[in-house]
S.K.: 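One structure, pasted below without further comment.
Letters A, B, ... mirror the listed sequences (proteins, then strands); counts begin at 1.
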Protein chains: 2
Amino acid sequence: MSPKVADEHKEARRKQILAAAVRVFTRLGYQAATMKDVVEESGMSRGGVYLYYGSTERMMLDLIGETDEEVAGMPKLARPDRPVWETIEQLMRHLAGGVTKGAAGMAPVFYEFFITAWRKRTYETLMESRYDQNVSAVVRLLEEGARRGEFQPRVSLETIARMLFSFHDGMQIHAIQFGDRRTDTRGQTEGMLAALRHLLGVQDKEEQP
Amino acid sequence: MSPKVADEHKEARRKQILAAAVRVFTRLGYQAATMKDVVEESGMSRGGVYLYYGSTERMMLDLIGETDEEVAGMPKLARPDRPVWETIEQLMRHLAGGVTKGAAGMAPVFYEFFITAWRKRTYETLMESRYDQNVSAVVRLLEEGARRGEFQPRVSLETIARMLFSFHDGMQIHAIQFGDRRTDTRGQTEGMLAALRHLLGVQDKEEQP
DNA sequence: TATAATAACGACATCAGTGTCGTTATTATT
DNA sequence: AATAATAACGACACTGATGTCGTTATTATA
């Protein structure tokens, strides 16, 4: 009576397969990637891989789960000693900067997956709750600013949060498709910050002459 | 010596196949759609369809060409007797309204195609020039407003045009994924109009009390 | 070191989609 | 009506991916 390997080793195998999957996905995209591709990339055997994952879809779900965990650690961004507006500026510029790196990475794969997942109606609630969570995370940040008296918003904070995501995702997709240069990610980001500043009614202490 | 059918009839066949392709694409998406599906949907034979189209990709390109022709007729929107800002408002609201209808239509299919086309590097210049054309069309509209003295823009008109597209495409994708309701298309559109009004520095004649 | 348990392997049968091509049906001309 | 030209058909061979399963290799325990 002896289970052959420790759970750690099984977990390591799982990671190994997921790493191969990431390489395949970034090279071929989600839909075009096959089990065969992942098997060959992983260096394992067909049967070995199937022991852990029965489809590329399952791999993708696990990869999404991983990034979600990373994102979950984001709300602690708002430092109590600095203005909320500053946090927003940093957040926007950080997200815009990540586009370039993401173009060669998993970002387009995620977009591709989400658009095809939408069609199959599966994960409908998963996707919706992800959206809701992201929106309300930003709303909470904005509310903090309003509570501190930094903002005197002209439109609903929820609307502003949604606009932020619409803009960001759209720009990211354009950056992926047409390149960072052509899309002028920096310029757009600064423009959007100016727009947000107005919509939020940021009360600027220093810049009132 | 006699060509069997007139060119009109061949064109009719072509339309028939494309119509079937649209139904298949909207049902299954671009990547999942196969020649087999289109053949069965069209009511024609395998060989018959292959006589006109050798791949779903070719069908897709023709469909894109058709919609491009429709879009080409859009720049004449700016009426000389009305303020440019009014045109922009109408345009934005019109685009936002089209999302609902588009959710069940070809819009997600186009997005899916573009993201997979990007990966294959083919059509790179096609896609880029489409983007450039759309941007410069809006820029021309905005320049007309500036020339008339309606606007006193705070940021470059090109940046504003790009922001407009980023926002629109992002919101459209969200609307497709999460539904019109949850995304609050109307609210976001009004919010974006307020933001644009500020960025453009719209000189409001009536509303200055 | 023996062995029980199971992780890992890889060949195999299967299936769905593809592109072709010899045959048949259709239609403008003579 | 005859026929030449070709549009349309659909069966066929082919390809590439899938999921399974009997076999082999590996390792924790006794």
S.K.: For A:I173, enumerate each residue passing the side chain to side chain contact (heavy atoms under 4.5 Å, CB included) test, keeping only those at least two apart in sequence or located in another chain.
M.R.: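 By the side chain to side chain contact (heavy atoms under 4.5 Å, CB included) rule, A:I173 matches A:Y111, A:Q177, B:I173.
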
S.K.: Which distance, rounded to the nearest 0.5 Å, do you find between the CG of A:L61 and the OG of A:S55?
M.R.: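 Interatomic distance, A:L61 CG to A:S55 OG, rounded to 0.5 Å: 7.5 Å.
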
S.K.: B:Y53 OH to C:dT18 C1': how many Å, rounded?
M.R.: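 Nearest whole value for this atom pair: 19 Å.
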
S.K.: Could you state the atom-to-atom distance from CZ of A:R13 to P of C:dT6 in whole Å?
M.R.: 17 Å

S.K.: Which residues in residues 30-46 of chain B have a heavy atom closer than 4.0 Å to any atom of DNA chain D?
M.R.: B:M44, B:S45, B:R46

S.K.: Respond yes when some side-chain nitrogen or oxygen of B:Y50 is under 4.0 Å from OP1 or OP2 of D:dA8, and no when none is.
M.R.: no

S.K.: Can you tell me the distance, in whole Å, between the CD atom of B:Q16 and the C1' atom of D:dA7?
M.R.: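 From B:Q16 CD to D:dA7 C1': 13 Å.
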
S.K.: Atom CZ of B:R58 to atom C1' of C:dT18: distance rounded to whole Å?
M.R.: 16 Å

S.K.: Residues in side chain to side chain donor-acceptor pair (under 3.5 Å) with B:S156, at least two apart?
M.R.: B:T159

S.K.: May I ask you to evaluate whether B:Y52 reaches the phosphate of D:dA7, defined as a side-chain N or O under 4.0 Å from OP1 or OP2?
M.R.: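 Checking B:Y52 against D:dA7: no side-chain N or O falls below 4.0 Å of OP1 or OP2.
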
S.K.: Please identify each residue that fulfils side chain to side chain donor-acceptor pair (under 3.5 Å) with A:R182, with sequence neighbours left out.
M.R.: B:E128, B:D132

S.K.: The criterion is side chain to side chain donor-acceptor pair (under 3.5 Å); which residues satisfy it with A:Q90, sequence neighbours excluded?
M.R.: none

S.K.: For the pair made of NE2 in A:H9 and C1' in C:dA8, what is the distance, rounded to whole Å?
M.R.: 11 Å

S.K.: Would you mind reading off the distance between B:L51 atom CG and C:dT24 atom C1', rounded to a whole angstrom?
M.R.: 15 Å

S.K.: Would you mind reading off the distance between A:D7 atom CG and D:dT27 atom P, rounded to a whole angstrom?
M.R.: 16 Å

S.K.: Between P on D:dG16 and CG on A:L28, what's the gap in Å once rounded to a whole number?
M.R.: 15 Å

S.K.: Going by the rule side chain to side chain contact (heavy atoms under 4.5 Å, CB included), which residues pair with B:I160 if we only count those two or more places apart in sequence or in a different chain?
M.R.: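 With sequence neighbours excluded, B:I160 shows a side chain to side chain contact (heavy atoms under 4.5 Å, CB included) to B:L142, B:V155, B:L157, B:L196, B:L199, B:L200, given in chain and number order.
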
